[in-house]
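Have a look at the structure below, then the notes.
Side chains included, hydrogens not; waters and symmetry mates left out as well; all remaining heavy atoms used. Predicted model only: the values in this text are computed from it and were never measured. Start at 1 with the first residue, then count along the sequence.
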Amino acid sequence: MWWAVLGIMVLSLGLEVWAVSYDLPYPGVDEPTFVRPAVNIASTGDLDPHWFGHPGSTTIYPLAGLYHAWDAVGHGGPALAPDAQVADRFATSPGTFYLIGRLWAIAYAVAAIPLLFLLGRRCFSTAVGLAGAALWAVLPLAVSYGRVVRTDSAGIFFALLALLLIVRLLDRASIRDYVLAGIALGLGISSRYFLVTLLAALVIAGAIAIRRRVPGTSVRGIAAGVGAAVATFAVTTPFFFLDWTTARASLADENTSNLGHDGLSPVGNLRWYLGNSIPKSLTLPVALLALIGIIVALAYRRDPRRLVLLAGGTTFLVAISMSELHWERWPLPILPVVVLFAVDGVAWLTAELSARLGQPELSPALVVAGVVLVALWPARDVVRLNVRESRPSTRVVARHWIEANIPPGSTLVKELKTAPLDNTAVHWMERHTLAGVGWTLDQYVDNGFHYFVTNSGISGTYSTQPHRYPVQARFYRELRHDGCLLHVFRPGSNRDGPLIRVYEVSDPDSTSAAARSPDCTAPSI
């Protein structure tokens, strides 16, 4: 059986590394948030990351160690002291640093596979654990975020490890077992704050163990587990307390209103996760099968281990729904659990079908067929994802076009997630939205900006809601009307990224329909 698990790990590794160099040396928007603190730690010895948004300790500190080891082994740097040359190499050649970061994220993603198998085997069956691990390995969202320098794969790994050790408390519950579960949980919180909600699963598992009189269990054990979680978080994220001013600012920044990801009540957020985000992430058939598996667990089987999983998943979903924001990626740490319930739903349906046919011996074959069928959709999508991400995105193509076509020394303003323009000959400024600071188009031009780069995911949201955002919608309308559209970069089946437009507005006197250049027909890529 472990050979099959190893095979799934190899499959997962292959899917992850397929496009691991995606857009490098130009990182994704979030990746510098974790790589730069790690580089600073390795180059200065200052252990304060000066950012605590996730908080990301299980990503930042290991990366700092890897960068230090790479410096010592590959470049002859000091073994026991920081080396300023690390920062110099990062400034001149950042691609390798981001690649190392992505490989570390992939290590977490692949290591989560055996944990998911073990959790499925303990809470359901060996077959469910194996099939659940295989299905998880081909989900596009898991693959996509599994190779990004963020905290998603670390969060998944430690969530699964914590849940595995928590459900084990229902069979063995010594103080040591509680402490181990608490340590895993503390590392999860040091990865992503929302995993603190799994403390509820720990307490519930402890209460069930006491009620079932599991040997060794006690209220003192529950307290030891909770204390171990808190202590582990404090040890692995000490500057959260020592640099509280920065930590508070990071938390406030993480909860800042983000267009397209705000505007819902807690109930609205929960409804969005259950009705939109999770079905989209897993595919609708998998989500429906998970619902069947959950109903079966609640109505028929009532296995306490499955109830603990449901308690952990439910408290996590409720917690992320209380935020002012909602993101498709936020449920990732508990989605493997949803996949296990989906596979169990397949097992239950096929068992019922084979029983009605009077041929129970068909059940194993029907389970395999059912899992293969529901895996075909995400497997197809993950191949398409890797094909797209094996080519430069619209962001990188736009950068190359700007380097070749915008005169050196020109001044440009761009929106978030458009062309990365570090180390180019243009002077540029980035804003989340061009229309978000109260400047009119004339004011931009008066301040020397003649080129404008927009992200349709941002500008389109304002433009399509003029009643809600009248000032912003007017700005983009004027830019389209008065500016010269130089180029459009379109995503497609073979190219990832946002739809990017590049405009030119030469001077205030030219910002009228009559003064527009007659050759402003923009080609697109």
Requested in this report: I would like to know whether F124 and V343 meet side chain to side chain contact (heavy atoms under 4.5 Å, CB included); could you show each step before the answer?
Outcome: CA-CA 10 Å; F124 298 92; V343 175; over 6 Å; no
Does the [X] side chain pair with the main chain of [Y], one donor and one acceptor, at a distance under 3.5 Å?
X    : Y    : value
D23  : G28  : no
H50  : D48  : yes
E415 : N455 : yes
S218 : G221 : yes
D243 : F240 : no
S250 : T246 : yes
T315 : G312 : yes
S125 : R121 : no
T314 : A311 : no
S174 : D177 : yes

Do you know which two heavy atoms are closest between [X] and [Y], and how far apart they sit?
X    : Y    : answer
A4   : L130 : CB-CD1, 3.8 Å
P37  : I60  : CB-CG2, 4.0 Å
L11  : V138 : CD2-CG1, 4.1 Å
V149 : G101 : CG2-C, 3.5 Å
L251 : Y193 : CD2-CE1, 3.4 Å
A297 : L307 : O-CD2, 4.4 Å

Report task. Walk me through it: do I278 and L282 pass the test side chain to side chain contact (heavy atoms under 4.5 Å, CB included)? Result -> CA-CA 6 Å; I278 292 177; L282 301 178; 3.7 Å; yes
Report yes if the side chains of [X] and [Y] come closer than 4.5 Å at any heavy-atom pair, otherwise no.
X    : Y    : answer
W330 : R192 : yes
W2   : F117 : yes
V286 : T283 : yes
P140 : P378 : yes
D496 : Y22  : yes
W136 : L340 : no
V148 : D30  : no
S277 : P331 : yes

Spacing of [X] atom [atom1] and [Y] atom [atom2] [to the nearest 0.5 Å]:
X    : Y    : atom1 : atom2 : answer
H326 : S321 : NE2   : OG    : 10.5 Å
Y61  : S190 : OH    : OG    : 9.5 Å
W51  : F34  : CH2   : CZ    : 4.0 Å
I175 : T217 : CD1   : OG1   : 8.5 Å
R302 : L298 : CZ    : CG    : 8.0 Å
L141 : L332 : CG    : CG    : 4.5 Å

Query raised in the report: When you look at S57 and T236, which way does the side chain to side chain donor-acceptor pair (under 3.5 Å) test go after all the steps?
Result: CA-CA 7 Å; S57 298; T236 54; 5.2 Å; no
Query - Donor-acceptor side-chain pairing of T58 and S191 below 3.5 angstrom - result: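 Yes, S191 and T58 have a side-chain donor paired with an acceptor closer than 3.5 Å.
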Query raised in the report: Do the rings of F97 and F90 sit parallel, tilted or perpendicular, given the 30° and 60° boundaries?
Result: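 Correct class here is perpendicular.
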Requested in this report: Apply side chain to side chain contact (heavy atoms under 4.5 Å, CB included) to R431 and I458, showing your working.
Outcome: CA-CA 11 Å; R431 286 178 167 166; I458 296 172; over 6 Å; no
Requested in this report: Would you list the pairs meeting salt bridge (charged side-chain N to carboxylate O under 4.0 Å, His left out) in which at least one residue belongs to residues 123-145, sequence neighbours left out?
Outcome: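 Residue pairs with at least one partner in residues 123-145: there are none.
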Query raised in the report: What's the verdict on side chain to side chain donor-acceptor pair (under 3.5 Å) for W18 and S390, showing C-alpha distance, side-chain angles and the deciding distance?
Result: CA-CA 7 Å; W18 184 340; S390 295; 3.3 Å; yes
Query raised in the report: Does the pair D152 and Y108 meet the rule for a side chain to side chain donor-acceptor pair (under 3.5 Å), with working shown?
Result: CA-CA 9 Å; D152 301 289; Y108 275 129; over 6 Å; no
Query raised in the report: Is the number of heavy atoms from other residues, nucleotides or ligands under 6.0 Å of F241 CZ greater than 12?
Result: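 For F241, atom CZ is crowded (more than 12 foreign heavy atoms under 6.0 Å).
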Query raised in the report: For R380, does the CZ atom have more than 12 heavy-atom neighbours from other residues, nucleotides or ligands under 6.0 Å away?
Result: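 For R380, atom CZ is crowded (more than 12 foreign heavy atoms under 6.0 Å).
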Query raised in the report: salt bridge (Lys or Arg N to Asp or Glu O under 4.0 Å) with D171: which residues, sequence neighbours excluded?
Result: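 Testing D171 for salt bridge (Lys or Arg N to Asp or Glu O under 4.0 Å), a comparison that skips the adjacent residues, returns R122.
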Requested in this report: Could you walk me through whether R306 and D344 pass the salt bridge (charged side-chain N to carboxylate O under 4.0 Å, His left out) test, one step at a time?
Outcome: CA-CA 11 Å; R306 301 179 194 185; D344 191 55; 3.4 Å; yes
Query - Partners passing side-chain hydrogen bond (donor to acceptor under 3.5 Å, both in side chains) against R305 (at least two apart in sequence or in another chain) - result: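 Once residues adjacent in sequence are excluded, the partners of R305 under the side-chain hydrogen bond (donor to acceptor under 3.5 Å, both in side chains) criterion are D303.
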Requested in this report: Take Y67 and V35 through the side chain to side chain contact (heavy atoms under 4.5 Å, CB included) test and state the conclusion after the steps.
Outcome: CA-CA 10 Å; Y67 295 153; V35 170; 3.6 Å; yes
Query - Test salt bridge (charged side-chain N to carboxylate O under 4.0 Å, His left out) applied to R102 and E16, step by step - result: CA-CA 9 Å; R102 290 181 180 184; E16 294 287 2; over 6 Å; no
